[in-house]
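Whatever order the structure lists them in is the order used to number ligands and atoms, beginning at 1. Sequence positions, counted from 1, serve as the residue numbers for this chain. Quick note: numbers below take in every heavy atom, side chains included, and nothing from hydrogens, waters or symmetry partners.
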Amino acid sequence: MFQARLPHSGLLVRPLDARDVDGLATSLFSDPEVAKTLVHDVSTVERQRRCAEGWWKYGGIDSPDSNWSTLNIGTWAILDDSAGDGAPRLVGTRGFGLDSGLPEGAIETYVAIARPYWGRRISGDSSRLLTNYLFSQTEADGVYTNIWPLLNPRSEAVQRRLGFTHWGRTPVGTSHSKARMAYIRDFELWRADRIAQPDGKDVLNEVAIKLGQLAAEGMHGEREAIEMLEARLSPALRHDDAMAQTIRQGVADGFRNPGWKTYRLTRDDWSRQVLSD
Ligand SMILES: CC(C)(COP(=O)(O)OP(=O)(O)OC[C@H]1O[C@@H](n2cnc3c(N)ncnc32)[C@H](O)[C@@H]1OP(=O)(O)O)[C@@H](O)C(=O)NCCC(=O)NCCS
């Protein structure tokens, strides 16, 4: 089975398998800064483990009925084996799958990298490597990626650098059930619970934007989003004018920017890139 090294970081990429479940839970889902864009509630160790098992079931090469058997592509592990101890550590993952919110025949890709490894071109390099694999090994006519508007400028920078173009907005509710959207909300409220000081304003802003985005899709009202958030803050923070303003502004910004910002690379775009390389 295909495996390769990424050009800038030298990390190893191979299909994800059952050995990687622990790494998914402990390197990726346990860090709220990584997990906050991944549409799960991973606020407890048990949930982190359950999500890791779910990702393996959905995309592991040794999981029965995973995307590998239906789409000929699934999820990949990105491993650091530089310690040379024969025990590579999972430091990232990139997956490919279907998304009911995207056109028929479209493949979605998603990625998560452990925080100490950010900024080493791992996302971009793994996308390029595995998009080549996708288009050479499957019939897919385009690869798409969904990004939370206002909340993930890093990820947008990566897509643009790779030649993806903005395709449009996709409601989160066309990709995910109401139950899954409630998990997203629960996780955001858990993030708000942990804000102890006024310097948590950036987190509060992100949470407020996300709740505003969910309000625009009918998960709750705008007013309700503000009240839910205020209720999560300690009385001292709740009565801090700057915090109250952050909540109101964030919810309003999110409400005006709903749905995924969806980027696309077509097979034709890819062929042109390969020819010009
Ligand atoms: C988003 C993520 C995948 C990026 O991974 P990475 O390996 O650090 O990405 P790369 O090193 O390939 O590229 C990072 C790019 O972001 C840019 N960047 C970094 N911080 C930025 C910011 N605040 N605003 C805009 N761009 C930023 C860098 O300049 C770089 O672009 P460049 O190479 O054109 O200069 C990683 O941060 C992550 O795992 N985040 C959590 C999970 C996630 O958000 N997944 C994507 C879901 S859509």
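- A continuous path of ILVMFWY side-chain contacts below 4.5 Å connects Ile147 to Leu98, so both sit in one hydrophobic cluster.
- For Val34, the closest heavy-atom approach to ligand 1 falls below 4.0 Å.
- Close contacts of ligand 1 with Pro153, meaning ligand atoms under 4.0 Å from a residue heavy atom, involve 24 (N), 25 (C), 26 (N).
- For ligand 1, none of its N or O atoms has an N or O atom of Ala157 under 3.5 Å away.
- Across the listed options Arg120, Arg121, Lys36, Arg94, Arg121 owns the non-hydrogen atom lying nearest to atom 35 (O) of ligand 1.
- Figure legend: Lys210 and Trp148 shown as a cation-pi pair, the cationic atom lying under 6.0 angstrom from the six-membered ring centre and within 45 degrees of its axis.
- Using modelled atom types, one finds a donor on one side chain and an acceptor on the other under 3.5 Å when comparing Thr266 with Asp269.
- Within ligand 1, counting atoms from 1 as listed, the ones closer than 4.0 Å to a heavy atom of Gly124 are 12 (O).
- With a 4.0 Å cut-off on non-hydrogen atoms, Thr37 touches ligand 1 through its side chain and not its backbone.
- Residue contacts with ligand 1 include Asn146, since one or more of its heavy atoms lies under 4.0 Å from the ligand.
- A donor-acceptor contact under 3.5 angstrom links the side chains of Thr262 and Asn146, judged on distance only.
- Distance check for atom 28 (C) of ligand 1: every protein heavy atom is found at 4.0 Å or beyond.
- By the criterion of a heavy-atom distance under 4.0 Å, the side chain of Val158, and not its backbone, is placed next to ligand 1.
- Here the side chain of His239 pairs no donor or acceptor atom with the backbone of Ala244 at under 3.5 angstrom.
- Each of the following atoms of ligand 1 lies closer than 4.0 Å to a heavy atom of Val111: 3 (C), 42 (C), 43 (C), 45 (N), 46 (C).
- Residue contacts with ligand 1, taken as heavy atom pairs separated by less than 4.0 Å, involve Ser123 via backbone and side-chain atoms alike.
- Put simply, the side chain of Arg94 never gets that close to the backbone of Trp76: no donor and acceptor are under 3.5 Å apart.
- The closest protein non-hydrogen atom to atom 34 (O) of ligand 1 is Arg161 NE, 2.9 Å.
- Atoms of ligand 1 lying under 4.0 Å from at least one heavy atom of Gly119, given by number and element, are 6 (P), 8 (O), 11 (O).
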